[in-house]
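Worksheet: one structure, shown below.
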Amino acid sequence: MLTRIDHIGIACFDLDKTVEFYRATYGFEVFHSEVNEEQGVREAMLKINDTSDGGASYLQLLEPTREDSTVAKWLAKNGEGVHHIAFGTADVDGDAAEIKDKGVRVLYEEPRRGSMGSRITFLHPKDCHGVLTELVTSAPVESPEH
Ligand code: MC0
């Protein structure tokens, strides 16, 4: 069961500048940052709020680390902006299987590693009314940086 918006993924050309925009404009601080080589992104997670299921909702700022990454390809075509939405679930495997049975393409055979040790998969945007959709099962929440 999908229980929250886990994050909204925002593609940007310059992660540091974009982080600074969100800090200076809204006061959002970086909760976590990492490089995900498999996905070809450097990312910053800005925690917006905790949620009633014990999880949280984030903005995820994404800068490509290589030209052949999906985010680089998307930026070249669309410029900066909202890249995907991610729903949180306690059971990414079960929910992905159920959604697949409804005829939606699930992009990974098995969930892969996502931000902060989470397990993630994606649904094809063409089957989701133009929205690249991610399913996330979080790892237990860590303490913020700094
Ligand atoms: C592509 N399309 C999108 C889209 N990306 N539509 C909405 N939102 C997006 N983000 C559309 C294109 O415009 C195109 O439509 C069609 O889908 C095929 O796209 P393509 O440019 O030809 O590219 P493909 O087919 O090679 O790849 C698209 C696909 C790929 C969605 C399969 O981007 C993918 O596997 N994405 C999942 C992984 C990902 O995005 N990782 C980065 C975030 P037209 O009409 O022109 O045919 S990593 C992340 O978020 C992790 C770290 C985390 O959360 O923890």
Side-chain angles (χ1 to χ4, degrees), residues 1-19 21-23 26 28-51 53-145:
M1 186 174 57
L2 308 181
T3 51
R4 67 176 185 283
I5 292 176
D6 183 274
H7 65 266
I8 295 169
I10 297 172
C12 61
F13 292 113
D14 185 323
L15 185 64
D16 297 335
K17 277 191 186 153
T18 310
V19 162
F21 169 81
Y22 278 92
R23 193 200 62 72
Y26 308 116
F28 296 146
E29 300 286 348
V30 175
F31 180 82
H32 173 87
S33 55
E34 69 179 80
V35 172
N36 185 324
E37 291 294 357
E38 182 183 27
Q39 295 289 341
V41 294
R42 189 162 82 92
E43 61 171 70
M45 298 294 274
L46 314 181
K47 187 168 168 180
I48 307 303
N49 56 270
D50 292 307
T51 56
D53 63 357
S57 295
Y58 303 87
L59 290 184
Q60 180 185 60
L61 307 180
L62 298 161
E63 178 194 85
T65 55
R66 48 173 208 268
E67 291 200 351
D68 64 347
S69 74
T70 56
V71 172
K73 197 171 168 185
W74 189 87
L75 276 168
K77 188 173 170 188
N78 302 286
E80 296 185 313
V82 174
H83 177 261
H84 67 269
I85 185 165
F87 296 120
T89 168
D91 179 15
V92 63
D93 304 82
D95 284 336
E98 254 183 53
I99 290 168
K100 188 178 175 186
D101 283 347
K102 293 175 184 171
V104 174
R105 277 171 288 173
V106 176
L107 296 180
Y108 302 151
E109 195 104 343
E110 291 292 328
R112 297 183 185 173
R113 192 183 69 75
S115 193
M116 298 185 281
S118 59
R119 297 178 69 243
I120 62 170
T121 195
F122 287 90
L123 313 178
H124 201 288
K126 292 294 177 190
D127 297 346
C128 302
H129 294 266
V131 179
L132 176 61
T133 304
E134 181 181 342
L135 308 180
V136 182
T137 296
S138 305
V141 176
E142 60 178 80
S143 303
E145 289 178 359

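Along the sequence shown, the residues carry numbers beginning at 1. When a ligand or atom number is given, it counts from 1 through the structure's own listing order.
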Heavy-atom check, side chain of Ser138 versus side chain of Arg4, under 4.5 Å: yes

Asp68: partners by salt bridge (Lys or Arg N to Asp or Glu O under 4.0 Å), with sequence neighbours left out: Arg66

Trace of the side chain to side chain contact (heavy atoms under 4.5 Å, CB included) decision for Tyr26 with Leu59: CA-CA 12 Å; Tyr26 308 116; Leu59 290 184; 6.0 Å; no

Ligand 1: protein residues within heavy-atom distance under 4.0 Å: His7, Asn36, Gln39, Glu43, Gln60, Thr70, Val71, Lys73, Trp74, Lys77, His83, His84, Leu107, Tyr108, Gly114, Ser115, Ile120, Phe122, Pro125, Lys126, Gly130, Leu132, Glu134

Pair Glu80 + Lys17: basic N to acidic O under 4.0 Å: no

Side chain to side chain donor-acceptor pair (under 3.5 Å) involving Asp91 - partner list, sequence neighbours excluded: none

Please tabulate, for side-chain N and O atoms in residues 38-45, each donor-acceptor pair with protein atoms closer than 3.5 Å (sequence neighbours left out).
{"residue": "Gln39", "atom": "NE2", "partner": "Tyr108", "partner atom": "OH", "Å": "3.0"}
{"residue": "Arg42", "atom": "NE", "partner": "Glu63", "partner atom": "OE1", "Å": "3.1"}
{"residue": "Arg42", "atom": "NH2", "partner": "Asp16", "partner atom": "OD1", "Å": "3.4"}
{"residue": "Glu43", "atom": "OE2", "partner": "Ser115", "partner atom": "OG", "Å": "2.4"}

